[in-house]
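Below: one structure, written as structure tokens.
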Amino acid sequence: MASRPRRSAYIPQDIEPKWQRTWAERGVMKASDSSPKPKYYDLVMYPYPSGDLTVGHARNYVMGDALARMKRMQGFEVLHPFGWDSFGLPAENAATKRGGGLHPRTWTLNNIAKGKRELKMLGILYDWDREVTVSEPDYYKWTQWLFLLMLERGLAYRAMAPVNWCPVDKTVLANEQVINGRCWRHPDVEVEKRDLEQWFLKITDYADRLLDDLAMLERWPQKVRVMQTNWIGRSMGAEVDFPVVGMPDESIRIYTTRPDTLFGATFMVLAPEHPLVERITTEKHRARLREYVEKARKETEIERLSTEREKTGVATGGFAVNPVNGEKIPVWVADYVLVTYGTGAIMAVPAHDERDFEFARRYDLPIREVIAPPTGPQKMLREAYIGSGTMVNSAQFDGLDSGEGIERICDWLEERGIGKRSVKYRLRDWLISRQRYWGAPIPIVYCPNHGIVPVPKEQLPVELPPEYKPLSENPDWYETTCPLGDGPARRETDTMDTFIDSSWYFMRYASPHDDREPFDPELVNHWMPVDQYTGGVEHAILHLLYSRFFVKVLHDAGMVEASEPFMRLFNQGMVKRFGQVMSKSAGNGVSIDELAGAQGADAGRIYEMFIGPPEEDVEWTDAGLNGVVKFLQRVWRLVLEPAAVAGESGPLGATVDSAALRRKVAQTVGKVTEHYDELRFNTAVAFLMELANAMQDYLRGGGARDTAWEEAVRTLLKLLNPLAPHACEEMWERLGEQGMLADAPWPVFDPGLAAEPKIVLVVQVAGKLRDRLEVQAGLSEAAAVEAALKSEKVQGALNGGKPSKVVYVPDRLINLVP
RNA sequence: GUCGGCGUGGCGGAAUGGCAGACGCGCCAGCCUUAGGAGCUGGUGCCCGAAAGGGCGUGGAGGUUCAAAUCCUCUCGCCGACACCA
């Protein structure tokens, strides 16, 4: 039978609910819009309310909360808000899966209530007055408003386009949602192509700024900036017109990044969808060509984009003229040329392009070297030479370096009006139409008389009908009247991509209840930009790029001063268990209820941080959690029962010097503050453990419970508070302190207090460690050499000789080189 | 294939040019206890040695440096992103 716990034992369940109530009642994390304090905007990526919250998902919320709590204590007015990315497919899928009946909105709101309760159980504090739920009309009204703003600014347009169609979700996917030709949600399902009228946002208009401004984001992970750079994929080159033989008014415009290889073009390739294909094809080739184009159209993205696949194509029988040398070259059609990039047509230079080389080999087309590598021209090209070199076989350009050649040829083309410099991007416009119920309706009406008519802003929101069924099958909803003429009209039945919702939610937090505009300009400028943004790396491209785009558009519209939303970005690693990402559905999740009911929220919070480097994936183990529980219990006894701890036998030779304890405390203040700021919580916890160990040794060794001790106790509580707020708050109260620890000032680092009067000087001879000397700090080099030479070990290593060289790093190391 | 990241004790990891292994887990020995999945003390990279001490050591090979886990070159392995973008 378990013995009765001591009255003062640490029982998290007895104290955690109490403090959670108190913090809520006192509005500890309420952000004031009019505070004179400097602002700090601490944002975590809002989640999809899946109802699957585990301690794994909570890791970044704990980071955000710890940072918010420290920043508050440091005197900042902290904005730490939360919300729900509650539109989107999963709600529909889940609602459908559970036997229909359950409306996506009901399911969503249930999950939100559940998630909110669990976050509170972890002691995570948000300004819940600012909570946003993007699927509620008071939010999506403004999402629709922003769509109309895009339309007004010429950034939203409708176009027929071959779109990616997921046969399982029965919806169109954005380019970004297609991974290797497969649906991002169904990795085993190949995406089909369909032609539909769709709404697009012109993100490509902002490609240059999105790329160039990455340079401003110095506090973003390098990895994310590289990914965005590649995604935007800016390339510099030239467009060149190749006249078509026998068709005096036609020419084929190609795009190349290597104008210096123009003389090496031995054939041309059109994408199967290129508009000229039909007309350029000769009678003799028509049948075969039609068959090929037909096949290519049907082929799925995955087949077409596979690099392993052999390149195929057919000749059109048509010819074009290379404008630089008047040479007649054949025109082919091949599916390795994409109609969506560049001009949908290329000049093929097999000698200097791997793809063209492979194609030329297969179809026995000529290969002509025009760039000689530094080692000199090659007789037989065994593979394409794609590097730079000296131009050859290029008439008046022979002998030029290829870099220089690019410029000269571009000049030459531009002078004659047959080509021009051109910049292209991989980035495509953002397809935002979704054929789904659970999203913000696109606020457009189609009128037989007036065409595409935006819903007037004063009529927003265009609310979703209560019945859960496709909008296009709900005439009661889509049949309407034209805002311009009262005639019958039809609503747009597509809803918006949920990435639109998340592209501006962080600005809505500034004035979440504003019913006149998406956000109050004054307040948004007060809080923006976000100082710290924390979330998963899976959003490295989509969400972050779209949000940057939105902010730039709103900046241009004069609605927000910031031109970048997130100053510092951090991607936390995932929590795994038994080798897999933790989730309820995988059956390896540790729920927040379980944790709070067993070891307590505080132990869980510390463990989430101590478990490993914050940016790395980590493995959750029960043994590791127990180590943290022991640490918390040790702190509890140190603070509340120092007499009992002091009565225990201590280590031999323990430091019982009050001044040494003060130094240790001061050093810990410096290190913990710095590491919290850098989000290096794992090492911050280690420093706190060191301090607790030192305090325990101090007591057991007979250290006095004097002011140094009392200061140490209070500093330890302040430093630990961001991670273990319930326990620390309780101890603070039991110590008889007035006011809440959450409001106590953060300790200030004092380098003078932290300085050690004596240090251990490492003595090396020829770079090898030979001795350690305890010396006064700040020793001069001469004194250090003298001290080092006195050491027998050093003398032995020097073998009686004298050092010919001395390297002295004050207070650290001296290296004597014989 | 291209780009990026990582590789350190039995384990998670610390150290970003200056004492490798902080902190924790685990393990070993001892103490305390009616008992221990509790607490305390000491130990714990590897090799030689009774010890003192010495040698080796951050995936591998080379290099730069008085000094390298850290910087450079090559290489192996794992992970991630992109993947015919002309």
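None of these values were measured; they are calculated from a predicted model. Quick note on labels: first sequence line is chain A, next is B, and so on, each numbered from 1.
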Integer-rounded Å distance: B:rC84 C1' and A:Asp353 CG: 9 Å

Distance below 4.0 Å between A:Lys630 side-chain N/O and B:rC25 OP1 or OP2: yes

Presence of A:Lys671 side-chain N/O under 4.0 Å of B:rA14 phosphate oxygens OP1/OP2: no

Atom pair CE (A:Met268) and OG1 (A:Thr316), whose distance is rounded to the nearest 0.5 Å: 10.5 Å

Using a 90° cut-off around 0 for syn, call B:rG49 syn or anti. anti

A:Met227 or A:Arg770: which one's nearest nucleotide on RNA chain B is closer to the 5' end? A:Arg770

Do the side-chain N or O atoms of A:Asn682 get closer than 4.0 angstrom to the phosphate oxygens (OP1, OP2) of B:rA14? yes

Does A:Arg700 have a side-chain nitrogen or oxygen under 4.0 Å from the phosphate oxygens OP1 or OP2 of B:rU41? yes

Which comes earlier along RNA chain B counting from the 5' end, the contact point of A:Phe610 or that of A:Ala345, where each point is its nearest nucleotide? A:Phe610

Check whether any side-chain nitrogen or oxygen of A:Arg225 sits under 4.0 Å from OP1 or OP2 of B:rG4, and answer yes or no. no

Write down the distance between CG (A:Asn626) and P (B:rC27), rounded to a whole number of angstrom. 12 Å

Has A:Lys805 got a side-chain N or O lying under 4.0 Å from the OP1 or OP2 atom of B:rC66? yes

How many Å lie between CG on A:Asn571 and C1' on B:rG5, as a whole number? 13 Å

Taking the inter-plane angle between the rings of A:Phe687 and A:His675 on a 0 to 90° scale, is it parallel (under 30°), tilted (30 to 60°) or perpendicular (over 60°)? perpendicular

Can you check the A:Lys768 NZ to B:rC19 C1' distance for me, whole Å? 13 Å

Between A:Thr683 and B:rG13, does any side-chain N or O lie under 4.0 Å from OP1 or OP2? no

Considering just the side-chain nitrogens and oxygens of A:Arg680, establish if one lies under 4.0 Å of OP1 or OP2 belonging to B:rA15. yes

When you compare B:rA38 with B:rG26, how far apart are their P atoms, in angstrom units rounded to a whole number? 8 Å

Between B:rG24, B:rC66, B:rC3, which nucleotide gets closest to the side-chain atoms of A:Val807? B:rC66

What integer distance in Å separates A:Trp231:CH2 from B:rC82:P? 7 Å

Would you say B:rA83 has OP1 or OP2 under 4.0 Å from some side-chain N or O of A:Asn230? no

Could you please spell out the steps behind the ring pair (Phe, Tyr, Trp, His ring centres under 6.0 Å) verdict for A:Phe681 and A:Phe610? CA-CA 7 Å; A:Phe681 294 106; A:Phe610 185 58; over 10 Å; no

B:rC40, B:rC23, B:rG39: which one has an atom nearest the side-chain heavy atoms of A:Gln696? B:rC40

